[in-house]
Amino acid sequence: MSESLVKDRFRIGYALAPRSVSSFIQDSLLNHSKEQGVDLIPIDLEKPLVEQGPFDAVFHKIYDEKWKKQLEEFSLKYPTSIIVDPVDAIEKLHNRVSMLDAVNQLKIKNLAIPLQAFVDSNESLEEKIANQGMKFPLIAKPVTANARADAHQMFLVLNKDGLNGIKAPVIIQEFVNHGGVIFKVYVAGDHVKCVKRKSLTDITEEKPGNSDNLIPFSLISSEQSDESFAKLMEAAKMPPLSFINEVSKQLRHALNLHLFNYDMIRDSKDGNRYLIIDINYFPGYAKVPEYEAMLTPCFLDIANEKRSREAGNLDKPENNKMHEGETNNLDHTENNETHEAESNGH
């Protein structure tokens with residue numbers, strides 16, 4: 001669509017750290033959005049937000065108290081503008097104790113989360129694991145899940161002796177064999193894409209005999225050759241479209257978020273059983289093929305929701321698309337280009 005043919009233009013501000021700007025706000029996204037009537041405008045973090053705009057919506061990836069207060073002041077001045085997304089909803093994904101609570105709220109057959117336990121002291125490690133009925137191998141994850149490097153330092157615990165190297169507080173999650181492939185589902189409002197990515201290979205009963213009782217994910221990732229990974233990717237079947245559609249719709253409402261992704265695996269023992277192992281806010285969308293065509297419709301939906309609020313028609317079904325949750329742009333993408341272990345879960 002030519003920019004000159006777009007009668008009604010939308011202004012969407014973005015507040016991102018420099019690293020996120022360079023990876024997310026690419027020329028291809030700016031140009032594609034502009035052609036569809038969406039102007040993406042950088043927010044100056046050195047100036048008060050209320051002095052900038054007006055914006056139909058603001059999307060952000062900043063979480064400090066000063067910014068949170070600015071968002072509150074902006075919402076008071078522009079009550080119909082959409083904040084993408086609420087800070088309190090985002091913060092639930094920064095804590096792995098609460099991260100997967102929303103999954104347990106979903107009413108979807110054959111979907112679950114792995115057995116897991118929060119351990120706040122080393123003395124309670126074995127006790128917590130026993131009480132949860134968890135079996136080795138296990139995954140040890142930091143409680144905090146954010147952009148910090150140590151938030152992604154995870155370990156495979158092969159046996160009881162491996163627990164000696166784990167420092168609390170920590171989340172212990174039971175490892176589930178899943179064919180060495182993880183499904184990363186990217187959600188942007190009603191628009192969804194699913195890609196295959198490399199994960200940890202299945203662990204047989206003989207494998208825990210390894211001399212190492214505790215193995216960092218980084219070392220496990222380097223063990224697998226590109227050739228063996230390619231075979232796993234080719235053999236792995238995508239989850240049914242209707243299934244991902246329903247999971248994404250229900251999860252979006254349970255989380256009260258527009259922009260996130262979730263890591264899902266298929267149980268090797270039961271091909272119809274899926275488990276969500278991690279959820280991330282505002283993930284690396286630029287890694288998804290044709291991400292511009294996924295994000296721009298989301299921006300349009302949000303901007304139109306704002307205009308509906310202005311017109312006082314938010315409660316009308318035809319103007320409440322973002323809240324109906326009908327995922328209308330579901331796309332499966334088999335992405336074999338990413339060979340590094342991007343999974344934040346298994």
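Ring geometry, Phe55 versus Phe74: the interplanar angle falls from 30° to 60°, so the pair is classed tilted.
Nearest heavy-atom pair, Arg307 versus Asp56, reported as atom, atom and distance to 0.1 Å: NE-OD1, 2.7 Å. The nearest pair of heavy atoms linking Met99 to Asp278 is SD-OD1, 3.1 Å. Between Leu106 and Val247 the shortest heavy-atom distance is CD1-O, 4.3 Å. The nearest pair of heavy atoms linking Arg11 to Pro54 is NE-O, 2.9 Å. Taking both residues in full, the closest heavy atoms of Ala286 and Ser23 are given as CB-O, 3.1 Å, listed atom of the first, atom of the second, then distance. Annotation for Ala168 and Val119: closest pair CB-O, 3.7 Å, computed over non-hydrogen atoms.
Ile171 and Ile265 fall into different hydrophobic clusters, where Ile, Leu, Val, Met, Phe, Trp and Tyr side chains are chained together by heavy-atom contacts under 4.5 Å. The hydrophobic clustering, which links ILVMFWY residues whose side-chain heavy atoms are closer than 4.5 Å, places Leu100 and Phe118 apart. Cluster membership check: Ile25 does not share its hydrophobic cluster with Ile41, using side-chain heavy-atom separations under 4.5 Å among Ile, Leu, Val, Met, Phe, Trp and Tyr. A continuous path of ILVMFWY side-chain contacts below 4.5 Å connects Met264 to Tyr281, so both sit in one hydrophobic cluster. There is no path of hydrophobic side-chain contacts, each under 4.5 Å, that joins Leu30 to Ile43.
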message: Using the rule given for side chain to side chain contact (heavy atoms under 4.5 Å, CB included), can you reason through Ile203 versus Leu156, listing the C-alpha separation, both sets of side-chain angles and the distance that settles it, and then say yes or no?
response: CA-CA 11 Å; Ile203 298 176; Leu156 179 64; 3.5 Å; yes
task: Apply salt bridge (Lys or Arg N to Asp or Glu O under 4.0 Å) to the pair Lys135 and Glu174, showing each step before the final yes or no.
output: CA-CA 7 Å; Lys135 298 178 181 179; Glu174 190 172 72; over 6 Å; no
- request: Assess whether ring pair (Phe, Tyr, Trp, His ring centres under 6.0 Å) is satisfied between His60 and Phe282, documenting all intermediate values.
  value: CA-CA 9 Å; His60 67 103; Phe282 209 137; 8.5 Å; no
task: Assess whether side chain to side chain contact (heavy atoms under 4.5 Å, CB included) is satisfied between Asp85 and Phe59, documenting all intermediate values.
output: CA-CA 7 Å; Asp85 279 301; Phe59 68 88; over 6 Å; no
Ser248 vs Leu251, side chain to side chain contact (heavy atoms under 4.5 Å, CB included): CA-CA, chis, key distance, verdict: CA-CA 5 Å; Ser248 300; Leu251 192 56; 5.9 Å; no
message: Determine whether Asn213 and Lys160 satisfy the following criterion, side chain to side chain contact (heavy atoms under 4.5 Å, CB included), listing intermediate values before the conclusion.
response: CA-CA 8 Å; Asn213 302 312; Lys160 181 178 177 180; over 6 Å; no
- request: Could you give me the CA-CA distance, side-chain angles and deciding distance for Asn261 and Asn280, then say whether side-chain hydrogen bond (donor to acceptor under 3.5 Å, both in side chains) is met?
  value: CA-CA 5 Å; Asn261 83 326; Asn280 306 286; 3.1 Å; yes
Pair Glu72-Lys68, salt bridge (Lys or Arg N to Asp or Glu O under 4.0 Å): steps then yes or no: CA-CA 6 Å; Glu72 292 172 352; Lys68 186 175 182 179; 5.3 Å; no
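Aromatic pair Tyr274/Phe243: ring centres closer than 6.0 Å. With ring centers used as reference points, Tyr262 lies 6.0 Å or more from Tyr186.
Using a 4.0 Å cut-off between charged side-chain N and carboxylate O, Arg197 and Asp263 make no salt bridge. Ion pairing of Asp39 with Lys34 is absent here, as no side-chain N (NZ or NE/NH1/NH2) approaches a carboxylate O to less than 4.0 Å. Checked for salt-bridge contact, Lys77 and Glu73 miss the test: no charged N lies under 4.0 Å from a carboxylate O. A salt bridge links Glu246 and Lys249; the closest N-O separation between the charged side-chain nitrogens and carboxylate oxygens is under 4.0 Å. The existence of a salt bridge linking Arg252 and Asp190 is confirmed by a sub-4.0 Å separation between a basic side-chain nitrogen and an acidic carboxylate oxygen.
In this structure, a donor-acceptor pair under 3.5 Å is present between the side chains of Ser28 and Glu292. For Ser199 and His178, the side-chain atoms include at least one donor-acceptor pair closer than 3.5 Å. Side-chain contact of Lys141 with Gln173: a donor-acceptor pair under 3.5 Å is present, judged by distance alone. Inspection of the His258 and Asp301 side chains reveals no N or O donor paired with an N or O acceptor under 3.5 Å.
Taking CG of Leu45 as the start and NZ of Lys66 as the end, the distance is 9.0 Å to the nearest 0.5 Å. Between the OG atom of Ser75 and the CD atom of Gln70 there is a distance of 11.5 Å, given to the nearest 0.5 Å.
A search for ring-ring contact (aromatic ring centres under 6.0 Å, His included) contacts involving Phe260 returns nothing, not counting sequence neighbours.
Contact check for Val103 versus Ile279: side-chain heavy atoms found under the 4.5 Å cut-off. Under the 4.5 Å side-chain criterion, counting only non-hydrogen atoms from C-beta, Lys184 is not in contact with Lys193. Phe175 places none of its side-chain heavy atoms less than 4.5 Å from the side chain of Val157.
Heavy atoms from other residues, nucleotides or ligands lying under 6.0 Å from NZ of Lys92 number 12 at most.
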